[in-house]
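A short worksheet on the structure shown next.
Computed from a predicted structure; not experimentally measured.
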Amino acid sequence: MVDFVPDAVLIVDDNGTVVRANLAAAALLGYDRHAVEGRGVLDYLPFFDWNLTRLPPDSGDPGHTYTAGIRTTARTCDGRTFITEISTMRLDRDVLYDRIPYGSSLVISLRDVTSAEETRSALSRSLVQAEAVLRTASEALVGTDTEGKIDLVNPAAARLLGGKASELGGCELLTRLTLLGDDGDPLDAEDTPWMLAVRTGRTSRLPGQALRTSDGIRLTADIAVRPLTESGRIVGAVVALTDRRPYERLADEYLAAQTRSVRQHEAALARQQQQTDLAVEHAHELTGFLSGPLMRALHHLHAETSRLASDSSRPLWPEAAASLESLAADLRMTMALVNTRSQSYLHDTTPVGPQRRTVLIDDVVQAGMRAATTFAGLSQVQFSVHTPRFAVHVDPDDMTTAVGRLIAEVIHTDEESASHGPHHVFVAALHQRSLLRIEVRGPYSGGVREHFDIVQGIAQAHGGTLRAHRAPGDSGSTYILELPAAVRDDAATGPDTTSATALRPTGRHRSLTS
């Protein structure tokens, strides 16, 4: 009959020897049935309690002592171990049982519980992980039954509801947390999100819901409700509450920080504006001085020097006349520089762009050569000019200024022996399709930043470029001015009737680049 029992059964005598084993035991332990019998029980149950085979010292009733649910480790024939649950029953040694040797004392029932143990361990790990998640979650999680009573809270929910988890169990959630409607009045119990979830079985999410705790504290939270089902039946709901007060505090702190930053920037801007106003005031004072008293004094010196140099009633020796003429030329150059520096600050309105007209390039170059005497002072200059006669569409006043300034730049030097010349200057103008190219080459490298800045401003105003080339070891310099879309077809557009003598240098471009 024991062979029909589904559990493995071992019958052990007083010495711990297995005297009988059923078929289930042989299959469980991996031995042949006859190989199991005759071996010690410790070969199969290494941690078996040996005292179970011994009789109690005061045994009035010798048999039928039953133990169950003992978990231990069993070992198979190939050395594999597994968790087993054993039950034992003591036999009466004075009774002769059928097919069981006389003197046998213990019956052991074995059941493999490895899968159940793994399931229990997995369940235990899941419970530990779930508890860790609930404890570390920043959201307040509350579980309710179908009547709205609390049966689960995490620490964040306990802090929000104002109590301990053991005290909150069984309390109605609505008594601890009151939901407020749009008008500020409390909602009815049947209209709460968790009761609606229990009735309808639908998940709901309410952002920015106004709440009031049992302590009278008003707050705003995002509420998410999900119903709980068991075997297709709704048994409760889980309510997740996200308190928005920390985010509101962060928003307030950010707004306060931005407000402080704006005030600091406003104060810095006010200080900068004061400094700018002061600098503008000083610039106007300096401009008034340059264009007023200083310019009048320079005009007076220039007039007196020119009068003395050209006065025939008081003849001077040649060296003195040459010195006076040189001083008059230097005064003209100084007056031109002062006028250029002060002219850009005389008008506060937005400057206009170049006033382009169609003129002949050779007229522009000749006017620039005459204008160079104003910028360079008294100097002897020999020109080599290569300017084919073609029409250009440019601002002639600006081009005259540019050519004159570049000539003054290439003949300027600080050497006294070479200051009056003679200086040889090469000027060329050519066109490639619509590109106008003016090249000025002279014996010195200039060094007057004023001239270069003015010509560069003219080039930028016309959408062109100004380049400077200086050969290594050579004191001379070459300037190339290129203006795109400046050459027009003579057949389509003829030049204006402006004569070369009417062209004059201008300082208007300084307001474009100042």
Side-chain angles (χ1 to χ4, degrees), residues 333 335-347 349-376 383 385 387 390-412 425-432 434-442 445-470 477-488 495-496 498 500 502-514:
M333 182 179 63
M335 290 165 59
L337 293 176
V338 171
N339 182 57
T340 301
R341 281 299 182 184
S342 62
Q343 190 174 12
S344 60
Y345 300 100
L346 293 178
H347 305 286
T349 58
T350 302
V352 296
Q355 304 299 312
R356 290 181 173 86
R357 301 197 307 272
T358 302
V359 293
L360 295 175
I361 188 60
D362 54 348
D363 293 341
V364 174
V365 172
Q366 292 176 14
M369 293 165 54
R370 289 191 298 273
T373 58
T374 304
F375 306 127
F383 291 97
V385 182
T387 55
F390 59 91
V392 293
H393 191 69
V394 295
D395 188 324
D397 296 337
D398 283 352
M399 287 298 102
T400 299
T401 302
V403 174
R405 294 277 183 177
L406 291 179
I407 294 174
E409 175 75 2
V410 296
I411 65 175
H412 178 81
V425 177
F426 173 80
V427 182
L430 55 91
H431 67 89
Q432 298 174 349
S434 63
L435 179 68
L436 171 62
R437 179 187 176 102
I438 299 177
E439 180 177 338
V440 178
R441 183 168 63 248
S445 60
V448 180
R449 187 69 184 178
E450 178 73 23
H451 298 318
F452 185 84
D453 289 345
I454 291 176
V455 180
Q456 190 176 38
I458 293 175
Q460 293 176 357
H462 284 75
T465 58
L466 175 65
R467 292 178 294 160
H469 296 282
R470 293 182 177 86
S477 59
T478 301
Y479 290 93
I480 299 174
L481 176 64
E482 293 181 344
L483 303 179
V487 180
R488 294 294 182 89
D496 293 346
T498 305
L503 298 177
R504 57 181 177 81
T506 178
R508 173 166 48 81
H509 54 272
R510 287 298 300 160
S511 61
L512 299 176
T513 60
S514 60

Output the distance between atom CG (Asp398) and atom CD (Gln355), rounded to the nearest 0.5 Å. 9.0 Å

If you define the side chain from C-beta out and look only at heavy atoms, does anything of Leu406 sit under 4.5 Å from His451? no

Verify whether one side chain among Tyr479 and Glu409 offers a donor that lies under 3.5 Å from an acceptor in the other. yes

Would Arg437 and Leu481 count as a side chain to side chain contact (heavy atoms under 4.5 Å, CB included) if you check the C-alpha gap in whole Å, the side-chain angles of each, and the deciding distance to 0.1 Å? CA-CA 6 Å; Arg437 179 187 176 102; Leu481 176 64; over 6 Å; no

Under a 4.5 Å cut-off applied to non-hydrogen side-chain atoms, are Glu439 and Thr478 in contact? yes

Is the shortest heavy-atom distance from the side chain of Val425 to the side chain of Val410 under 4.5 Å? yes

Identify the two heavy atoms, one from Pro484 and one from Gly464, that lie closest to each other, and give their separation to 0.1 Å. CD-CA, 3.7 Å

Just so I know, are the side chains of Asp395 and Arg357 near enough to count as touching, which here means a heavy-atom distance under 4.5 Å? no

One should read off an interatomic distance between Leu483 CG and His462 NE2, to the nearest 0.5 angstrom, of 6.5 Å

Please report the closest heavy-atom contact between Phe452 and Leu466, naming both atoms and the distance. CE1-CD2, 3.7 Å

Residue that, paired with Val365, satisfies side-chain contact (heavy atoms from CB on, under 4.5 Å) out of Val385, Val440, Leu360: Val385

Taking every non-hydrogen atom, the tightest pair across Pro354 and Ala461: CG-O, 3.5 Å

Closest heavy-atom pair, Ala391 versus Thr358, reported as atoms and distance to 0.1 Å, is CB-CG2, 3.9 Å

Below 4.5 Å, heavy atoms only, C-beta onward: do Ile361 and Ile438 meet side chain to side chain? yes

Please determine which of Ile407, Thr401, Thr400 meets the side-chain contact (heavy atoms from CB on, under 4.5 Å) test together with Val403. Ile407

Supply the atom-to-atom distance Leu436 CG to Met399 CE, rounded to the nearest 0.5 angstrom. 7.5 Å

About how many Å separate OG1 of Thr465 and CD of Glu482, when rounded to the nearest 0.5 Å? 4.5 Å

